[in-house]
Visitor: 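After the structure tokens below, expect a handful of questions from me.
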Amino acid sequence: MAKTQLNVRVDESTAEAARRRAQQRGVSVNRYIEELVKQDAGEVGRTFVEAAADFMQQYEAVFTEEFGTPDTPGGASQGSEGGR
């Protein structure tokens with residue numbers, strides 16, 4: 001995978017913390033920051049999936065009433081609208 005260079009400005013205490021944490025993990029500062037970004041991106045994806053699952057659980061009855069279930073397509077409103 002091709003690499004792209006980013007120039008980031010941080011205060012000295014943040015830079016020192018990054019250096020220290022990278023050294024503790026035995027990786028370069030570049031690798032450490034790359035791993036943090038990938039981890040953060042993964043958490044956002046997990047957060048979205050969890051929120052979507054929570055939404056579906058909360059509104060499952062509404063969706064079932066409107067659209068039916070996989071084995072009963074159309075749901076309760078199928079007859080009133082002539083099917084979909």
Side-chain angles (χ1 to χ4, degrees):
M1 176 185 306
K3 298 282 186 171
T4 298
Q5 181 174 335
L6 298 175
N7 295 314
V8 180
R9 294 185 183 274
V10 297
D11 59 57
E12 185 56 40
S13 63
T14 301
E16 184 53 39
R19 289 184 198 105
R20 216 175 21 257
R21 295 295 292 157
Q23 184 178 22
Q24 289 170 347
R25 292 176 180 230
V27 297
S28 68
V29 173
N30 286 336
R31 178 63 183 227
Y32 174 65
I33 292 171
E34 183 178 13
E35 288 174 1
L36 288 177
V37 171
K38 287 180 178 181
Q39 179 184 5
D40 183 55
E43 287 178 15
V44 169
R46 280 191 297 278
T47 300
F48 172 79
V49 170
E50 289 170 4
D54 185 49
F55 175 85
M56 289 303 295
Q57 184 177 18
Q58 287 181 22
Y59 294 97
E60 180 179 14
V62 175
F63 280 92
T64 299
E65 182 180 330
E66 181 68 22
F67 302 107
T69 60
D71 57 325
T72 59
S77 53
Q78 179 180 8
S80 64
E81 294 179 22
R84 291 178 207 241

Visitor: To the nearest 0.5 angstrom, please state how far the CD atom of E12 sits from the OG1 atom of T14.
Guide: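 If I round to the nearest 0.5 Å, the distance is 9.0 Å.
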Visitor: List for me each residue that meets side chain to side chain contact (heavy atoms under 4.5 Å, CB included) alongside V8, sequence neighbours excluded, and say none if there are none.
Guide: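 Side chain to side chain contact (heavy atoms under 4.5 Å, CB included) list for V8, sorted by chain: L6, V10.
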Visitor: Sequence neighbours left out, what passes side chain to side chain contact (heavy atoms under 4.5 Å, CB included) with Q58? Give chain and number order.
Guide: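 Per chain and number, Q58 pairs via side chain to side chain contact (heavy atoms under 4.5 Å, CB included) with D54.
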Visitor: Just to verify, what does E35 make a side chain to side chain donor-acceptor pair (under 3.5 Å) with, not counting sequence neighbours?
Guide: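 Checked E35 against side chain to side chain donor-acceptor pair (under 3.5 Å); matches are R31.
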Visitor: Who passes side chain to side chain contact (heavy atoms under 4.5 Å, CB included) against R21, sequence neighbours left out?
Guide: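 Side chain to side chain contact (heavy atoms under 4.5 Å, CB included) check on R21 returns Q24, R25, Y32.
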Visitor: Kindly write out the residues that satisfy ring-ring contact (aromatic ring centres under 6.0 Å, His included) with F55, not counting sequence neighbours, or none if the list is empty.
Guide: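 Only Y59 meet the ring-ring contact (aromatic ring centres under 6.0 Å, His included) criterion with F55.
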Visitor: With no hydrogens and no angle check, just 3.5 Å: does a side-chain donor-acceptor pair link N30 and S28?
Guide: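 Absent: no donor and acceptor within the cut-off.
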Visitor: Given side chains that start at C-beta, do those of R9 and N7 come closer than 4.5 Å, heavy atoms only?
Guide: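 SC-SC contact between R9 and N7 ruled out.
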Visitor: Decide whether M56 and V49 are clustered together by the hydrophobic rule: side chain heavy atoms of Ile, Leu, Val, Met, Phe, Trp, Tyr closer than 4.5 Å, transitively.
Guide: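 No.
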Visitor: Determine whether more than 12 heavy atoms belonging to other residues, nucleotides or ligands lie under 6.0 Å from atom CD of Q23.
Guide: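 Atom CD in Q23 is not packed in, count stays at 12 or less.
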Visitor: E60: which residues meet the side chain to side chain contact (heavy atoms under 4.5 Å, CB included) condition with it, sequence neighbours left out?
Guide: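 E60: side chain to side chain contact (heavy atoms under 4.5 Å, CB included) contacts with T64.
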